[in-house]
Amino acid sequence: MIERHETLMTGQPPETETDARECAGGWLRIDLDALKQNYRQLNTMVGPDVAVGAAVKADAYGLGVGKIAPALYRAGCRRFFVATVQEGLELRPLLPDDAAICILNGPTPGSEPLLVQNRLTPVLNSLDQIRRWGALCRNKQIQPSCLLQLDSGMSRFGLSEDDIDTLIAENWLDTLAISHVMSHLACADDATSPRNEGQRRRFETLRRKLPARPASLAASSGIFLGESFHHDLVRPGYALYGGNPTPDRPNPMHPVVTLLAGMVQDRWIEPDVAVGYSARFVASCPTRIATLSVGYADGFHRRGGGLVSAVLPDRPDILLPVVGRISMDCMALDLTALGDISLPPGTGFELIGPHRPLDELAAALDTIGYELLTGLGKRFHREYIESSQ
């Protein structure tokens, strides 16, 4: 696999790879070694007394939960977070029995027996969820593990202070086997925001109304806010996949994702010749244009023309702008700066990777890297790199 990676990064067309790779218009390389390195790095940051879970919702942020979750387990992770019951059911057979799978959105009505049967752990976010889960526990005389989420100021998931009072008044606490009490930060990616400390204090206030339980507040960016935000469990996601959890500082994580788009053809065009739909780009001088086989159906925003660039991996010092409208299945790249260098069809150009960081692309598109990762289409040939199990 390492040899295949080296061939890929030269930007040369596929030669002896599988038919699937040869037939693809773009190649997505996912470095499981870097993923595990990121996980272990975060473990070192929080220290031995804090458990590090992993958010693998949305198909592990679009990177393939079937490969990502087992790799994280091999790195030592034992608690995984998905969004929905369906995601939990799909993940359960991929992990050993000692891996806890937590459902962030909680149990949907009627799904409670499925969660028990498949050893899935709900995050209880509302009184309705608590009553349904608690009724199942009482009727079956069981106490399967759950987490309890408190609303510390995001107004999205979790119990308000009034809800906590009702929970206590209705005597549900003895019924529930609460492994952790958790909440979520709204502004953790802005270390200067006073809302972070405000939410932390609010979380502590709400926790004091309940019996003592291990706590969890920080996800990726929250880990970097300091020890007072770590509690007993942290729940990184984006940072594991190489995204920058500290947007105001250099990225401390290792890049996990490299995306190359294959060239279909290239040509020189004369001045005043247009490129793409709506003629949004018109050449002002002789211009070399390459057509790449990646478009908005693959997760690259239609508005990206004129805003983003690619590089030839052999020449990462030369930025090659995307020009004109990005189409459903292709985009145009201005290769003029490369001169007349010969490039065969199938040559790969880096759109995301060590020379074109994910967060820089997201900023150019006025979005976030999370959206780009989860929007990556299914047409890429995916290569998972892992030097050892």
Review point. Between the side chains of R235 and S216, does any donor sit under 3.5 Å from an acceptor?
Key: yes
Practice item. Determine yes or no for a side-chain-to-main-chain donor-acceptor pair under 3.5 angstrom, with N244 supplying the side chain and R249 the backbone. Key: yes
Review point. Between D334 and T336, is any side-chain donor less than 3.5 angstrom from a side-chain acceptor?
Key: yes
Check your understanding: Going through the distances and angles, do E386 and R74 end up as a salt bridge (charged side-chain N to carboxylate O under 4.0 Å, His left out)?
Key -> CA-CA 11 Å; E386 189 172 24; R74 292 192 290 274; 2.8 Å; yes
Review point. For L260 and F380, what are the C-alpha separation, side-chain angles and deciding distance, and is it a side chain to side chain contact (heavy atoms under 4.5 Å, CB included)?
Key: CA-CA 9 Å; L260 294 181; F380 300 116; over 6 Å; no
Check your understanding: Using 30° and 60° as the class limits, which term best fits the ring planes of Y61 and Y241: parallel, tilted or perpendicular?
Key -> tilted
Check your understanding: Under a single-linkage rule joining Ile, Leu, Val, Met, Phe, Trp and Tyr whose side-chain heavy atoms are separated by less than 4.5 Å, which residues share a cluster with L233?
Key -> F81, L104, V123, L147, M182
Review point. Who passes salt bridge (charged side-chain N to carboxylate O under 4.0 Å, His left out) against E90, sequence neighbours left out?
Key: none
Check your understanding: Going by the ring pair (Phe, Tyr, Trp, His ring centres under 6.0 Å) test, which pairs reach into residues 142-163, not counting sequence neighbours?
Key -> none
Review point. Hey, does the Lys NZ or Arg CZ of R138 hover above the aromatic six-ring of W172, less than 6.0 Å from the centre and inside 45° of the axis?
Key: yes
Pairs of donor and acceptor atoms involving the side chains of residues 264-277, under 3.5 Å and at least two apart or interchain, shall be tabulated with distances.
residue : atom : partner : partner atom : Å
D266    : OD2  : R288    : NE           : 2.6
D266    : OD2  : R288    : NH2          : 2.6
W268    : NE1  : D340    : OD1          : 3.3

**Study point:** Sequence neighbours excluded, every pair satisfying salt bridge (charged side-chain N to carboxylate O under 4.0 Å, His left out) that has a member inside residues 49-62
**Key:** D59-K378
Revision key, fill the gap. For residues 204-240, the ring pair (Phe, Tyr, Trp, His ring centres under 6.0 Å) pairs (sequence neighbours left out) are F203-H231, Y238-Y370
